[in-house]
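One-based numbering, in listed order, for ligands and for the atoms of each.
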Amino acid sequence: MDEKKRILSGIQPSGALTLGNYVGALRNWVELQKSDEYDCYFMLADMHTITVRQLAKDFRKNAIDLLALFLACGLDPEKSPIFFQSHVPAHAQLGWVLTCNTYMGEISRMSQLKDKSQKHEGNIYAGLFTYPSLMAADILLYQADLVPVGADQNQHLELTRDLANRFNNAYSETFKVPEGYIPKIGARVMSLQDPTQKMSKSDPNENSYILMLDSPDAVVRKIKRAVTDSGSEVKRGEGKEGVENLMSIYCAVSGKTMEETEAEFLGKGYGDFKTAVAEAVVETLKPIQARYNELMANKDYLEQVYRNGAEVASRTAMKTLSKVYRKVGFIQP
Ligand code: TYM
(Lines give C-alpha, C1' and ligand atoms only; values in the text may rest on other atoms or scores of the structure.)
Protein backbone atom coordinates (compact mmCIF):
# COMPACT_ATOMS: atom_id res chain seq x y z
CA MET A 1 0.00 0.00 0.00
CA ASP A 2 1.30 3.42 -1.00
CA GLU A 3 1.78 5.58 2.11
CA LYS A 4 2.96 8.75 0.40
CA LYS A 5 0.66 11.71 0.01
CA ARG A 6 -0.41 12.61 -3.48
CA ILE A 7 0.00 15.84 -5.38
CA LEU A 8 -1.69 16.84 -8.62
CA SER A 9 -1.43 20.13 -10.41
CA GLY A 10 -1.67 21.48 -13.93
CA ILE A 11 -0.99 24.43 -16.16
CA GLN A 12 -2.76 25.28 -19.39
CA PRO A 13 -0.73 25.47 -22.60
CA SER A 14 -2.74 28.52 -23.56
CA GLY A 15 0.21 30.73 -24.47
CA ALA A 16 3.74 31.36 -23.35
CA LEU A 17 4.49 30.57 -19.70
CA THR A 18 4.78 33.67 -17.50
CA LEU A 19 6.91 34.40 -14.49
CA GLY A 20 3.58 34.41 -12.58
CA ASN A 21 2.98 30.76 -13.48
CA TYR A 22 6.51 29.91 -12.44
CA VAL A 23 6.52 31.78 -9.14
CA GLY A 24 2.94 30.90 -8.19
CA ALA A 25 3.02 27.25 -9.22
CA LEU A 26 5.82 25.54 -11.15
CA ARG A 27 8.69 26.52 -8.85
CA ASN A 28 6.78 25.05 -5.90
CA TRP A 29 6.08 21.84 -7.77
CA VAL A 30 9.82 21.39 -8.24
CA GLU A 31 10.44 21.89 -4.53
CA LEU A 32 7.61 19.56 -3.48
CA GLN A 33 8.80 16.91 -5.91
CA LYS A 34 12.32 17.12 -4.49
CA SER A 35 11.09 16.60 -0.94
CA ASP A 36 10.28 12.94 -1.71
CA GLU A 37 7.33 13.11 0.66
CA TYR A 38 4.80 13.01 -2.15
CA ASP A 39 3.80 11.09 -5.21
CA CYS A 40 3.28 13.81 -7.77
CA TYR A 41 1.31 14.02 -11.01
CA PHE A 42 1.94 17.00 -13.28
CA MET A 43 -0.47 17.74 -16.05
CA LEU A 44 -0.57 19.94 -19.11
CA ALA A 45 -4.21 20.98 -18.97
CA ASP A 46 -4.81 21.08 -22.72
CA MET A 47 -8.51 20.22 -22.51
CA HIS A 48 -9.02 23.36 -20.46
CA THR A 49 -7.31 25.41 -23.13
CA ILE A 50 -9.93 24.69 -25.79
CA THR A 51 -12.57 26.46 -23.69
CA VAL A 52 -11.27 29.40 -25.71
CA ARG A 53 -10.81 28.83 -29.46
CA GLN A 54 -7.20 28.00 -30.37
CA LEU A 55 -5.33 27.97 -33.65
CA ALA A 56 -4.27 24.30 -33.90
CA LYS A 57 -0.73 25.07 -35.05
CA ASP A 58 -0.03 27.55 -32.23
CA PHE A 59 -1.74 25.30 -29.71
CA ARG A 60 0.54 22.37 -30.60
CA LYS A 61 3.61 24.60 -30.33
CA ASN A 62 2.51 25.99 -26.95
CA ALA A 63 1.88 22.48 -25.66
CA ILE A 64 5.35 21.18 -26.55
CA ASP A 65 6.95 24.40 -25.31
CA LEU A 66 5.22 24.04 -21.98
CA LEU A 67 6.29 20.41 -21.64
CA ALA A 68 9.91 21.40 -22.33
CA LEU A 69 9.61 24.20 -19.77
CA PHE A 70 8.23 21.84 -17.13
CA LEU A 71 11.40 19.80 -17.51
CA ALA A 72 13.69 22.81 -17.91
CA CYS A 73 12.39 24.24 -14.64
CA GLY A 74 13.43 21.03 -12.91
CA LEU A 75 10.52 18.60 -12.89
CA ASP A 76 11.84 15.05 -13.05
CA PRO A 77 9.81 12.67 -15.23
CA GLU A 78 11.64 9.70 -13.69
CA LYS A 79 9.99 10.52 -10.39
CA SER A 80 6.53 11.67 -11.46
CA PRO A 81 4.34 11.27 -14.51
CA ILE A 82 4.13 14.38 -16.68
CA PHE A 83 1.27 14.06 -19.13
CA PHE A 84 -1.24 15.75 -21.39
CA GLN A 85 -4.75 15.78 -19.97
CA SER A 86 -6.17 14.87 -23.40
CA HIS A 87 -4.12 11.63 -23.37
CA VAL A 88 -5.95 10.35 -20.29
CA PRO A 89 -9.63 9.93 -21.25
CA ALA A 90 -10.67 9.45 -17.62
CA HIS A 91 -10.51 13.25 -17.18
CA ALA A 92 -13.32 13.83 -19.66
CA GLN A 93 -15.24 10.86 -18.26
CA LEU A 94 -15.12 11.88 -14.62
CA GLY A 95 -15.53 15.51 -15.70
CA TRP A 96 -18.94 14.64 -17.10
CA VAL A 97 -20.06 12.79 -13.98
CA LEU A 98 -19.01 15.75 -11.85
CA THR A 99 -20.69 18.22 -14.19
CA CYS A 100 -23.85 16.27 -13.46
CA ASN A 101 -23.23 16.82 -9.74
CA THR A 102 -22.50 20.54 -9.96
CA TYR A 103 -25.21 23.11 -9.34
CA MET A 104 -25.74 25.83 -11.92
CA GLY A 105 -25.77 28.32 -9.03
CA GLU A 106 -22.37 27.43 -7.61
CA ILE A 107 -20.64 27.32 -10.98
CA SER A 108 -22.15 30.69 -11.97
CA ARG A 109 -20.38 32.28 -9.01
CA MET A 110 -16.86 31.48 -10.24
CA SER A 111 -15.03 34.77 -10.63
CA GLN A 112 -12.73 33.46 -13.38
CA LEU A 113 -15.85 32.79 -15.44
CA LYS A 114 -16.82 36.42 -15.09
CA ASP A 115 -13.31 37.64 -16.03
CA LYS A 116 -12.99 35.34 -19.00
CA SER A 117 -16.52 36.00 -20.24
CA GLN A 118 -15.72 39.70 -20.30
CA LYS A 119 -12.53 39.07 -22.26
CA HIS A 120 -14.23 36.81 -24.81
CA GLU A 121 -17.55 38.58 -25.02
CA GLY A 122 -19.72 37.31 -27.91
CA ASN A 123 -17.59 34.17 -28.08
CA ILE A 124 -18.36 32.29 -24.88
CA TYR A 125 -18.60 28.52 -25.13
CA ALA A 126 -20.35 26.31 -22.58
CA GLY A 127 -16.97 24.70 -21.76
CA LEU A 128 -15.88 27.94 -20.14
CA PHE A 129 -18.83 27.56 -17.82
CA THR A 130 -18.38 23.86 -16.93
CA TYR A 131 -14.56 24.08 -16.78
CA PRO A 132 -14.35 24.02 -12.94
CA SER A 133 -16.06 20.61 -12.83
CA LEU A 134 -13.41 19.29 -15.21
CA MET A 135 -10.72 20.77 -13.00
CA ALA A 136 -12.28 19.02 -10.00
CA ALA A 137 -12.12 15.77 -11.97
CA ASP A 138 -8.41 16.36 -12.70
CA ILE A 139 -7.71 16.53 -8.99
CA LEU A 140 -10.12 13.93 -7.63
CA LEU A 141 -9.11 11.24 -10.15
CA TYR A 142 -5.70 11.07 -8.49
CA GLN A 143 -7.02 11.19 -4.91
CA ALA A 144 -4.75 14.19 -4.45
CA ASP A 145 -4.04 15.37 -0.91
CA LEU A 146 -2.39 18.59 -2.00
CA VAL A 147 -2.82 20.90 -4.99
CA PRO A 148 -0.03 23.48 -5.41
CA VAL A 149 -1.48 26.49 -7.25
CA GLY A 150 -1.53 30.29 -7.25
CA ALA A 151 -4.18 32.22 -5.34
CA ASP A 152 -6.41 32.65 -8.42
CA GLN A 153 -7.30 28.93 -8.27
CA ASN A 154 -8.61 29.06 -4.71
CA GLN A 155 -12.25 29.28 -5.67
CA HIS A 156 -11.90 26.29 -8.02
CA LEU A 157 -10.32 24.32 -5.20
CA GLU A 158 -13.21 25.15 -2.90
CA LEU A 159 -15.62 23.85 -5.51
CA THR A 160 -13.51 20.70 -5.86
CA ARG A 161 -13.78 20.10 -2.13
CA ASP A 162 -17.53 20.68 -2.20
CA LEU A 163 -17.95 18.25 -5.10
CA ALA A 164 -15.83 15.61 -3.37
CA ASN A 165 -17.87 15.89 -0.17
CA ARG A 166 -21.15 15.91 -2.06
CA PHE A 167 -20.26 12.78 -3.99
CA ASN A 168 -18.91 11.02 -0.89
CA ASN A 169 -22.12 11.79 1.01
CA ALA A 170 -24.39 10.69 -1.82
CA TYR A 171 -22.53 7.53 -2.90
CA SER A 172 -20.26 6.60 0.06
CA GLU A 173 -16.59 7.50 0.56
CA THR A 174 -14.94 7.72 -2.87
CA PHE A 175 -12.74 10.80 -3.12
CA LYS A 176 -9.99 12.25 -0.97
CA VAL A 177 -10.90 15.85 -0.10
CA PRO A 178 -7.85 17.85 -1.26
CA GLU A 179 -6.11 20.86 0.29
CA GLY A 180 -4.60 23.76 -1.63
CA TYR A 181 -0.92 24.62 -1.34
CA ILE A 182 -0.64 28.33 -1.99
CA PRO A 183 2.79 29.91 -1.51
CA LYS A 184 3.26 32.71 1.03
CA ILE A 185 5.21 34.81 -1.44
CA GLY A 186 4.28 35.01 -5.10
CA ALA A 187 0.79 33.49 -4.90
CA ARG A 188 -0.46 36.40 -6.95
CA VAL A 189 2.13 38.08 -9.14
CA MET A 190 0.59 41.25 -10.51
CA SER A 191 0.78 42.96 -13.89
CA LEU A 192 3.85 45.18 -14.22
CA GLN A 193 1.68 47.83 -15.81
CA ASP A 194 -1.32 47.67 -13.49
CA PRO A 195 -0.61 46.21 -10.05
CA THR A 196 -4.34 45.76 -9.36
CA GLN A 197 -4.52 43.09 -12.09
CA LYS A 198 -2.88 39.67 -12.02
CA MET A 199 0.03 39.03 -14.39
CA SER A 200 -1.51 37.06 -17.22
CA LYS A 201 -0.33 35.65 -20.53
CA SER A 202 -3.58 36.82 -22.13
CA ASP A 203 -2.94 40.48 -21.30
CA PRO A 204 -2.80 42.46 -24.58
CA ASN A 205 0.00 44.67 -23.20
CA GLU A 206 3.23 42.70 -23.44
CA ASN A 207 5.00 45.02 -21.01
CA SER A 208 2.65 43.78 -18.30
CA TYR A 209 4.18 40.31 -18.06
CA ILE A 210 7.52 38.54 -18.11
CA LEU A 211 7.71 35.32 -20.05
CA MET A 212 9.97 32.46 -19.05
CA LEU A 213 11.48 32.64 -22.53
CA ASP A 214 11.96 36.41 -22.60
CA SER A 215 15.47 37.56 -23.54
CA PRO A 216 17.56 39.33 -20.86
CA ASP A 217 17.01 42.63 -22.72
CA ALA A 218 13.26 42.18 -22.67
CA VAL A 219 13.29 41.39 -18.94
CA VAL A 220 15.37 44.48 -18.16
CA ARG A 221 13.17 46.70 -20.34
CA LYS A 222 9.90 45.43 -18.85
CA ILE A 223 11.10 45.77 -15.27
CA LYS A 224 12.50 49.27 -15.91
CA ARG A 225 9.09 50.28 -17.25
CA ALA A 226 7.14 48.67 -14.42
CA VAL A 227 4.69 51.01 -12.72
CA THR A 228 5.74 52.11 -9.21
CA ASP A 229 4.61 55.29 -7.40
CA SER A 230 5.75 58.85 -6.89
CA GLY A 231 7.73 57.97 -3.74
CA SER A 232 11.22 56.53 -3.60
CA GLU A 233 11.26 53.97 -0.77
CA VAL A 234 11.50 50.25 -1.40
CA LYS A 235 8.95 49.01 1.11
CA ARG A 236 5.42 47.70 1.38
CA GLY A 237 2.44 49.91 2.14
CA GLU A 238 -0.69 51.68 1.02
CA GLY A 239 -0.37 52.95 -2.55
CA LYS A 240 2.87 51.00 -3.07
CA GLU A 241 1.37 47.98 -4.82
CA GLY A 242 3.72 48.27 -7.81
CA VAL A 243 6.84 48.25 -5.61
CA GLU A 244 5.46 45.49 -3.43
CA ASN A 245 4.85 43.38 -6.53
CA LEU A 246 8.46 43.84 -7.68
CA MET A 247 9.59 43.02 -4.15
CA SER A 248 7.67 39.76 -4.13
CA ILE A 249 9.15 38.82 -7.52
CA TYR A 250 12.59 39.62 -6.16
CA CYS A 251 12.00 37.53 -3.03
CA ALA A 252 10.59 34.62 -5.00
CA VAL A 253 13.57 34.38 -7.34
CA SER A 254 16.30 35.25 -4.82
CA GLY A 255 14.98 33.37 -1.79
CA LYS A 256 15.14 36.54 0.34
CA THR A 257 12.36 37.68 2.65
CA MET A 258 10.41 40.93 2.30
CA GLU A 259 12.14 42.29 5.43
CA GLU A 260 15.60 41.47 4.06
CA THR A 261 14.67 43.17 0.80
CA GLU A 262 13.47 46.31 2.56
CA ALA A 263 16.74 46.40 4.52
CA GLU A 264 18.85 45.77 1.42
CA PHE A 265 17.39 48.76 -0.42
CA LEU A 266 17.07 51.15 2.50
CA GLY A 267 18.20 54.57 1.28
CA LYS A 268 18.45 53.41 -2.34
CA GLY A 269 16.08 54.53 -5.08
CA TYR A 270 13.81 52.66 -7.48
CA GLY A 271 16.49 52.70 -10.19
CA ASP A 272 18.91 50.55 -8.17
CA PHE A 273 16.10 48.34 -6.97
CA LYS A 274 14.76 47.68 -10.47
CA THR A 275 18.26 46.86 -11.71
CA ALA A 276 18.62 44.28 -8.93
CA VAL A 277 15.19 42.76 -9.61
CA ALA A 278 15.95 42.51 -13.34
CA GLU A 279 19.34 40.88 -12.66
CA ALA A 280 17.83 38.35 -10.27
CA VAL A 281 15.11 37.43 -12.77
CA VAL A 282 17.60 37.14 -15.66
CA GLU A 283 19.84 34.89 -13.54
CA THR A 284 16.88 32.65 -12.71
CA LEU A 285 15.78 32.40 -16.34
CA LYS A 286 19.22 31.79 -17.85
CA PRO A 287 19.74 28.13 -16.93
CA ILE A 288 16.06 27.35 -17.56
CA GLN A 289 16.26 28.78 -21.07
CA ALA A 290 19.50 26.91 -21.81
CA ARG A 291 17.95 23.63 -20.75
CA TYR A 292 14.76 24.44 -22.69
CA ASN A 293 16.81 24.89 -25.88
CA GLU A 294 18.52 21.53 -25.36
CA LEU A 295 15.22 19.79 -24.76
CA MET A 296 13.56 21.33 -27.81
CA ALA A 297 16.32 19.78 -29.92
CA ASN A 298 15.31 16.36 -28.61
CA LYS A 299 11.68 15.86 -29.56
CA ASP A 300 11.96 12.06 -29.26
CA TYR A 301 12.78 12.43 -25.61
CA LEU A 302 9.86 14.80 -25.04
CA GLU A 303 7.54 12.32 -26.74
CA GLN A 304 8.82 9.54 -24.53
CA VAL A 305 8.17 11.67 -21.44
CA TYR A 306 4.53 12.41 -22.24
CA ARG A 307 3.81 8.87 -23.47
CA ASN A 308 5.15 7.27 -20.29
CA GLY A 309 3.44 9.94 -18.22
CA ALA A 310 0.03 9.23 -19.75
CA GLU A 311 0.45 5.49 -19.24
CA VAL A 312 1.20 5.81 -15.54
CA ALA A 313 -1.39 8.55 -14.95
CA SER A 314 -4.07 6.50 -16.75
CA ARG A 315 -3.56 3.55 -14.46
CA THR A 316 -4.12 5.66 -11.33
CA ALA A 317 -7.01 7.57 -12.88
CA MET A 318 -8.81 4.42 -14.04
CA LYS A 319 -8.91 3.05 -10.50
CA THR A 320 -10.93 6.05 -9.35
CA LEU A 321 -13.05 6.22 -12.48
CA SER A 322 -14.16 2.57 -12.26
CA LYS A 323 -15.20 3.07 -8.65
CA VAL A 324 -17.21 6.14 -9.62
CA TYR A 325 -18.88 4.41 -12.58
CA ARG A 326 -19.88 1.50 -10.36
CA LYS A 327 -21.23 3.76 -7.62
CA VAL A 328 -23.37 5.91 -9.90
CA GLY A 329 -24.95 2.71 -11.27
CA PHE A 330 -23.51 2.35 -14.78
CA ILE A 331 -23.65 -1.28 -15.97
CA GLN A 332 -20.13 -2.73 -16.04
CA PRO A 333 -19.03 -3.21 -19.67
P1 TYM B 1 -3.33 28.49 -15.40
O2 TYM B 1 -2.82 27.76 -16.57
O3 TYM B 1 -4.09 29.76 -15.63
O4 TYM B 1 -2.16 28.85 -14.40
C5 TYM B 1 -1.27 27.83 -13.99
C6 TYM B 1 -0.79 28.07 -12.59
O7 TYM B 1 -0.14 29.34 -12.48
C8 TYM B 1 -0.73 30.09 -11.42
N9 TYM B 1 -0.73 31.51 -11.81
C10 TYM B 1 -0.21 32.48 -11.05
N11 TYM B 1 0.36 32.46 -9.84
C12 TYM B 1 0.79 33.64 -9.34
N13 TYM B 1 0.65 34.82 -9.99
C14 TYM B 1 0.07 34.88 -11.20
N15 TYM B 1 -0.05 36.05 -11.84
C16 TYM B 1 -0.39 33.67 -11.79
N17 TYM B 1 -1.02 33.37 -12.96
C18 TYM B 1 -1.21 32.05 -12.95
C19 TYM B 1 -2.16 29.56 -11.31
O20 TYM B 1 -2.71 29.81 -10.03
C21 TYM B 1 -1.94 28.09 -11.57
O22 TYM B 1 -1.53 27.44 -10.40
N23 TYM B 1 -7.33 25.81 -14.12
C24 TYM B 1 -5.89 25.89 -14.04
C25 TYM B 1 -5.18 24.69 -14.60
C26 TYM B 1 -5.66 23.40 -14.05
C27 TYM B 1 -5.36 22.85 -12.78
C28 TYM B 1 -6.04 21.62 -12.73
C29 TYM B 1 -4.60 23.31 -11.70
C30 TYM B 1 -6.46 22.53 -14.69
N31 TYM B 1 -6.71 21.43 -13.88
C32 TYM B 1 -5.97 20.81 -11.58
C33 TYM B 1 -4.52 22.50 -10.57
C34 TYM B 1 -5.21 21.27 -10.52
C35 TYM B 1 -5.43 27.11 -14.81
O36 TYM B 1 -6.09 27.57 -15.71
O37 TYM B 1 -4.20 27.54 -14.46
Problem set entry | Amino acids contacting ligand 1, non-hydrogen cut-off under 4.0 Å | Leu8, Ser9, Gly10, Ile11, Gln12, Gly20, Asn21, Gly24, Ala25, Met43, Ala45, His48, Tyr131, Met135, Asp138, Ile139, Val147, Val149, Gly150, Asp152, Gln153, Gly186, Ala187, Arg188, Val189, Lys198, Met199, Lys201
Problem set entry | Pair Arg109 + Glu106: basic N to acidic O under 4.0 Å | no
Exercise. Does the gap between the ring centers of Phe84 and Tyr306 come in under 6.0 Å?
Worked result: yes
Which pairs would a plain distance check flag for residues 175-187, meaning a side-chain donor or acceptor within less than 3.5 Å of a matching protein atom at least two apart in sequence or in another chain?
residue, atom, partner, partner atom, Å
Lys176, NZ, Asp145, OD1, 2.9
Glu179, OE2, Arg161, NH1, 3.4

For this session: Please test Ser191 against Lys198 for side-chain hydrogen bond (donor to acceptor under 3.5 Å, both in side chains), starting from the C-alpha separation and ending with a verdict.
Result: CA-CA 5 Å; Ser191 153; Lys198 126 186 136 161; over 6 Å; no
For this session: Supply the members, apart from Ile50, of the Ile/Leu/Val/Met/Phe/Trp/Tyr cluster built from side-chain contacts under 4.5 Å; use none for a lone residue.
Result: Phe59
Which pairs would a plain distance check flag for residues 87-98, meaning a side-chain donor or acceptor within less than 3.5 Å of a matching protein atom at least two apart in sequence or in another chain?
residue, atom, partner, partner atom, Å
His91, ND1, Asp138, OD1, 2.8
His91, NE2, Tyr142, OH, 3.0
Gln93, OE1, Ala90, N, 3.4

